[in-house]
Amino acid sequence: MPELPEVEVVRAGLEPAVAGALVTAVEVFDQRSLKRHSALEGSFVDLLEGRRILAAARRGKFLWFPLSDAGGRAQALVTHLGMSGQVLLRTPGVEEGGLLRIRLHIEHPEHGEFWVNFVDQRIFGSMAVDSLVPTSDGHAGGYFGSAAAGAPARDSVSASATWTGPADARSADDWRMRVPSQVAHIARDPLDPAFDERRFFAALARRRTGLKRALLDQTLISGIGNIYADESLWAARLHYEYPTDRLARARARELLAEVRHVLEKALAEGGTSFDAQYVNVNGASGYFSHSLNAYGQQGKSCSRCGTPIVREAFMNRSSHLCPRCQRLPRAPRAESV
DNA sequence: CTTTCGCCCTGAGTGC
DNA sequence: TGCACTCAGGGCGAAA
């Protein structure tokens with residue numbers, strides 16, 4: 001269940017090995033992993049072989065790797081991990097399991113040769129070569145770590161100083177000011193300095209749905225999945241079906257603050273792992289599963305009030321909450337105006 | 001337009 | 001031991 005923290009751990013781990021590396025060969029073992037690659041763009045393999053990877057970028061749960069210019073085309077390798085995707089950095093020659101879908105052979109001028117193995121059990125993830133289009137708000141396309149202009153080369157995960165600066169600092173054809181076309185409709189994530197809070201609050205108030213559906217809507221706010229939605233709602237003491245249009249602005253601010261806190265804490269702990277489904281680029285697991293307060297905690301005592309956490313069916317999946325801390329507003333219109 | 005829902009997919013786990 | 005069944009859920013396109 002890779003969400004923003006897990007995807008960022010992958011991005012940060014990949015960056016040193018892929019930024020500046022030449023793609024020497026590409027092997028596709030399962031065409032289904034290319035389902036988001038448009039044939040109109042050209043052949044996936046041909047588009048990659050001989051190109052150089054410029055950086056490792058992320059917005060929400062989407063990863064992309066801007067490619068060196070080829071015939072004036074601004075393109076990137078786009079990767080989504082889906083439910084069970086992994087991008088593993090391997091030493092050439094070492095066998096991978098039967099779930100290997102795509103392999104890139106890369107050669108870095110300083111670090112040498114690697115295999116970038118895209119492993120994906122459920123094939124909800126994908127790789128694609130996609131065109132880069134200018135961002136609609138004039139800000140950087142996403143988070144680039146140390147590739148951000150003028151940023152220090154280290155501490156790429158946590159330092160906000162490594163985000164790219166104002167739009168006028170670069171020309172519009174700079175890949176930093178662009179985003180893959182298939183990511184353009186995805187909202188900025190809450191850790192992005194260009195995340196528009198006013199717009200988010202306004203959109204939330206306009207919605208006529210439950211809070212969790214809104215948090216999971218990647219066109220409203222990106223990077224949040226089932227785990228961090230449940231954790232954020234627990235932290236903010238809000239029920240997952242709390243009507244978005246009845247949430248006071250102050251409570252919405254609290255919720256956004258909890259979302260950020262949960263995501264940052266998970267990032268600091270290397271992401272959440274329950275099994276081998278999510279690992280970093282070296283195949284290691286994160287530690288955030290030890291910090292969960294709601295997700296997967298059904299039957300255990302709420303760490304705030306002691307009431308057993310319950311699990312309820314929600315959108316063909318599940319929601320975990322404390323029935324005492326997280327209640328729906330009692331009477332309709334009780335908190336309106 | 002907004003919102004919801006069904007589908008994609010397969011290995012691991014469970015129950016008989 | 002074997003087999004049928006269930007479960008996990010992100011993103012997207014269709015339906016309401």
Side-chain angles (χ1 to χ4, degrees), chain A residues 1-8 10-11 28-38 58-64 78-87 96-102 118-128 130 179-189 199-200 202-233 240-247 263 266 271-279 285 289 292 294-299 311-320:
Chain A
M1 288 132 259
E3 303 177 31
L4 188 155
E6 293 76 31
V7 178
E8 174 54 27
V10 171
R11 191 208 64 75
V28 178
F29 302 105
D30 197 321
Q31 290 292 328
R32 292 174 299 178
S33 292
L34 297 182
K35 64 187 172 188
R36 287 176 68 91
H37 176 83
S38 167
R58 180 190 55 74
R59 176 189 291 200
K61 305 173 197 173
F62 279 85
L63 280 173
W64 70 93
V78 184
T79 301
H80 197 290
L81 302 178
M83 272 298 296
S84 53
Q86 304 171 10
V87 183
E96 198 69 63
L99 303 175
L100 177 63
R101 311 299 185 191
I102 297 169
F118 182 68
V119 172
D120 187 10
Q121 181 206 125
R122 278 165 250 180
I123 322 185
F124 278 22
S126 62
M127 278 188 162
D130 191 16
V179 65
S181 69
Q182 60 182 255
V183 184
H185 69 292
I186 299 295
R188 292 184 177 280
D189 62 66
R199 188 172 166 169
F200 170 68
L204 197 63
R206 227 181 297 122
R207 283 295 177 101
R208 297 185 62 82
T209 185
L211 273 183
K212 185 167 172 180
R213 276 190 180 82
L215 289 179
L216 294 177
D217 184 342
Q218 306 296 303
T219 65
L220 201 59
I221 183 171
S222 69
I224 304 168
N226 209 37
I227 297 173
Y228 298 114
D230 283 1
E231 290 301 306
S232 302
L233 290 166
Y240 61 93
E241 290 284 22
Y242 199 108
T244 49
D245 56 348
R246 290 179 53 196
L247 189 71
L263 293 177
T272 303
S273 306
F274 301 104
D275 47 37
Q277 287 308 322
Y278 163 71
V279 293
S285 299
S289 57
L292 294 172
Y295 185 87
Q297 305 303 299
Q298 60 271 19
R311 173 179 159 178
E312 298 178 358
F314 174 80
M315 288 173 73
N316 287 326
R317 30 188 77 92
S318 56
S319 271
H320 310 74

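All values below come from the heavy atoms of this structure, side chains included, with hydrogens, waters and symmetry mates left out. These figures come from a predicted structure and were not determined experimentally. Protein chains get the first letters and strands the later ones, always in sequence-line order, with residue 1 at the start of each.
Rounded to whole Å, the distance from CG on A:Leu216 to P on C:dC12 is 14 Å. The distance from atom CZ of A:Arg207 to atom C1' of B:dT3 is 8 Å, rounded to the nearest whole Å. Taking atom CG of residue A:Leu220 and atom C1' of nucleotide B:dC1, one finds them 16 Å apart after rounding to whole Å. Distance, A:Asp217 CG to B:dT3 P: 9 Å, rounded to whole Å. Atom C1' of nucleotide C:dG11 and atom CG of A:Leu63 are separated by 15 Å, given to the nearest angstrom. Distance, A:Gln218 CD to C:dC12 P: 9 Å, rounded to whole Å. Spacing between atom CE of A:Met83 and atom C1' of C:dG11 amounts to 12 Å, rounded to whole angstrom units. With rounding to whole Å, A:Lys212 atom NZ is found 13 Å from C:dG10 atom C1'.
By the side-chain hydrogen bond (donor to acceptor under 3.5 Å, both in side chains) test, A:Thr244 is found to be paired with no residue, residues two or more places apart in sequence or in another chain being considered. Every residue two or more places apart in sequence or in another chain that forms a side-chain contact (heavy atoms from CB on, under 4.5 Å) with A:Ala184 is listed here: A:Val133, A:Val179. In this structure, A:Arg317 has no salt bridge (Lys or Arg N to Asp or Glu O under 4.0 Å) partners at least two apart in sequence or on a different chain. With sequence neighbours left out, the salt bridge (Lys or Arg N to Asp or Glu O under 4.0 Å) criterion links A:Arg188 to A:Asp137, A:Asp192. Here A:Glu96 pairs with A:Leu88, A:Arg90, A:Leu100, A:Arg103, A:Asn117, A:Val119 under the side-chain contact (heavy atoms from CB on, under 4.5 Å) rule; sequence neighbours left out. Judged as a side-chain contact (heavy atoms from CB on, under 4.5 Å), and not counting sequence neighbours, the contacts of A:Ala203 are A:Arg206, A:Leu220. Applying the salt bridge (Lys or Arg N to Asp or Glu O under 4.0 Å) criterion to A:Glu312, with sequence neighbours excluded, gives no partner residue. Listed by chain and residue number, nothing satisfies the salt bridge (Lys or Arg N to Asp or Glu O under 4.0 Å) test with A:Lys61 (two or more places apart in sequence, or in another chain). Annotation: side-chain hydrogen bond (donor to acceptor under 3.5 Å, both in side chains) contacts of A:Arg199 (sequence neighbours excluded): none.
Of the side-chain N and O atoms in A:Arg36, one or more sit less than 4.0 angstrom from OP1 or OP2 of C:dC12. The shortest distance between the side-chain N/O atoms of A:His80 and the OP1/OP2 oxygens of C:dC12 is not below 4.0 Å.
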> For every nucleotide of nucleotides 4-10 of chain B, 5' to 3': is a protein heavy atom under 4.0 Å from its base (B), only from its sugar-phosphate (S), or from neither (-)?
Replying inline: SS--BBB

Scan nucleotides 14-16 of chain C against the protein and return all N/O pairs shorter than 3.5 Å with their distances rounded to 0.1 Å.
none

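Donor-acceptor pairing under 3.5 Å is lacking for the side chains of A:Ser222 and A:Asp189.
Rotation axes derived from the C1' atoms of the five outermost pairs at either end of the helix from B:dT2-C:dA16 to B:dC16-C:dG2 lie 50° apart, to the nearest 10°.
Looking at A:Asp230, its side chain never comes within 3.5 Å of a backbone N or O of A:Tyr295 through a donor-acceptor pair.
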